[in-house]
Amino acid sequence: MSRARARNLVVDGTRPDLTAEDDVTLQTRPAPQGVLTGTPVVPGVGTGPVVRPAPRPALPAPAGDVPEAGRAAERERFTAASAAVADRLAARAAGATGAAAEVLAATAGLARDRGLLGAVEQAIAAGSPAPQAAVAAVEQFAALFAQLGGVMAERVTDLHDLRDRLLAEMAGEPEPGVPSPEEPSVLLADDLAPADTAGLDPTRVVALATRLGGPTSHTAIIARQLGIPCVVAVPGLDAVAAGTRVLVDGGTGEVVVGPDPAAAAERTEAAAARRRAVESWRGPGRTADGHRVEVLANVQDGAGARAAASGPAEGVGLFRTELAFLDRETEPTVEEQAQAYAGVLEAFAGRKVVLRTLDAGSDKPLAFAGAHDEPNPALGVRGLRIALDDPGILDRQLDGVALAAERTGQRPWVMAPMVATPAEAAFFAERARTRDLVPGVMVEVPAAALRAEQLLRSVDFLSLGTNDLSQYTMAADRLSAELATLTDPWQPAVLDLVARTAAAGRAAGKPVGVCGEAAADPLLGCVLVGLGVTSLSAAAAAVAGVGARLAAVDRGACEEAARAVLACEDPASAREAARAVLG
Ligand code: PEP
Ligand code: MG
């Protein structure tokens, strides 16, 4: 049976290791075996029995008022529960690092949030039993967060997770969410709360797969950081019962139900060998036949840059400056900005650093920049559009960059986000050149890709932001778990635009990189190089995987894979076609 046939089979009794004739025989057997296919996000193979998150507690039914005399006890019950939940999450945060620690600490912070605790206590004082008071207060905050939109809206999942932990604690039930299995197991779920994913122990949970979620979801980001093989957006996953043996291949996106033990062992060992090759990769980026491709890191502050600089990243391909100022109510001064930027420039002294000017708005709202009451923020005044209305904010940021450049002796590249027209590119380039900075723009809007040649008349480089480019090409919200297949960067329509942009760069003799999540996928990275991109920039944790994969293939094979991918009709067959060429 071909791998192509094995794809997308639901758990229907077919097996990929059998021939078509065998399939016919098997149709009479209802054995729950087969291959489910989703979106691969963290390469590697894990096999073991399935564990599933413990069910969430039922919400309490409405209840009458607690008599005055009993209210102190209710308050006590809630205070003890919130302290226990916060302490447990904080202890896990202390034992974790990076994004996992941040997520756990943030959820612990919610459990101690004065506003939230105050709202619960107020409801208890008014006669509500503690569980009902907690639910009501959480809903009140969730509505507020949802209204604020962007990253705040994403925190609604954290709030609901916290509510469930509080309810279980007050009821004396076990903590909801992910169990800590005795033997190495595979975690399957519909979706995971950030705190669930962040608390995973990679020695117990050797792989994970979710029915929902996209490549940029919290689950994907944390799994990547923890190095747990992961596949998301797997249809049919809910039919696989706890205890069933499965194999998850985070490189191919396959979840094999009831794998043959010998084949599973072989596949796991091959993945481990690949991992060893990744761990020993030191750069610089080049294909096996010596074609040079810069492999860079995405960072958001000096600490992240220092961590990235201790690994094999050659430089920074995307410094998301807006993330350094997410918690600011007022615009940072030029001096404050210069210090933040210098932290990153110093970490990569003498090496390339591409700094993106503020990409405020939509999923990254900044209190001091842009409009906040737009009906459709992703299509609104965000990124460079804010500066078109208010050039001062861009000028002050570029002054801060120029000051950091002067202090560190570096000449950073700067690029503007959300550019749609050549006139916008020229507006930005002029301001950057005045300050002796190297100007470029991000290609995130299909119009920019279609007119790349014209953009390159005023700027020195382009950087493809495939996260937004996918969202705008496919008209599908990048945060929507339901639309993950549409926002998959392997969508041939998105790759057509990448090819067109890279061709414009080649014709102009100017570099065109990729800094969206597409560049974190080692197989897709090879395809992007085949399409003509000159650099790949990814989360620091993904850099070595991309570099090692590239080092194992020739440029010609990358180009052949790129041609094969562009001839496909959907992401699944595009991946298959690339794998057939690149192995
Ligand atoms: C992108 O859109 O691909 C990108 C790199 O920018 P961000 O993810 O920060 O929007
Ligand atoms: Mg973007």
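Both counts, for ligands and for their atoms, begin at 1 and track the order of listing.
- A salt bridge does not link R320 with D301: none of the charged nitrogens is closer than 4.0 Å to a carboxylate oxygen.
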Distance-only criterion, 3.5 Å: show the donor-acceptor pairs between side-chain atoms of residues 518-541 and protein atoms not counting sequence neighbours.
unit_1 : atom_1 : unit_2 : atom_2 : d
D521   : OD1    : L523   : N      : 3.0
D521   : OD1    : L524   : N      : 3.2
D521   : OD2    : W490   : NE1    : 2.9
T534   : OG1    : V512   : N      : 3.1
T534   : OG1    : V512   : O      : 3.1
S537   : OG     : A297   : O      : 3.3
S537   : OG     : N298   : OD1    : 2.6
S537   : OG     : G317   : N      : 3.3

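- Nearest heavy atom pair, residue A209 against residue V248, reads CB-CG2, 4.4 Å.
- Between the CD atom in E294 and the CZ atom in R351 there is a gap of 11.5 Å [rounded to 0.5 Å].
- Contact residues for ligand 1 (protein heavy atom closer than 4.0 angstrom to any ligand atom): L318, R320, R356, D359, K364, M442, E444, G465, T466, N467, D468, R478, C515, G516.
- For the residue pair D570 and S573, a side-chain donor N or O sits within less than 3.5 Å of a side-chain acceptor on the partner.
- With hydrogens and angles disregarded, no donor-acceptor distance shorter than 3.5 Å links the side chain of E576 to the backbone of A572.
- Side-chain atoms of Q471 and D468 form a donor-acceptor pair, as typed in the model, at a separation below 3.5 Å.
- Residues that satisfy the salt bridge (charged side-chain N to carboxylate O under 4.0 Å, His left out) test with R457, not counting sequence neighbours, are E453.
- Figure legend: cation-pi geometry between R431 and F427, with NZ or CZ positioned under 6.0 Å from the six-membered ring centre and within 45° of its axis.
- The distance cut-off of 2.8 Å around the Mg ion (ligand 2) captures these protein N, O or S atoms, sorted by chain and number: E444 OE2, D468 OD2.
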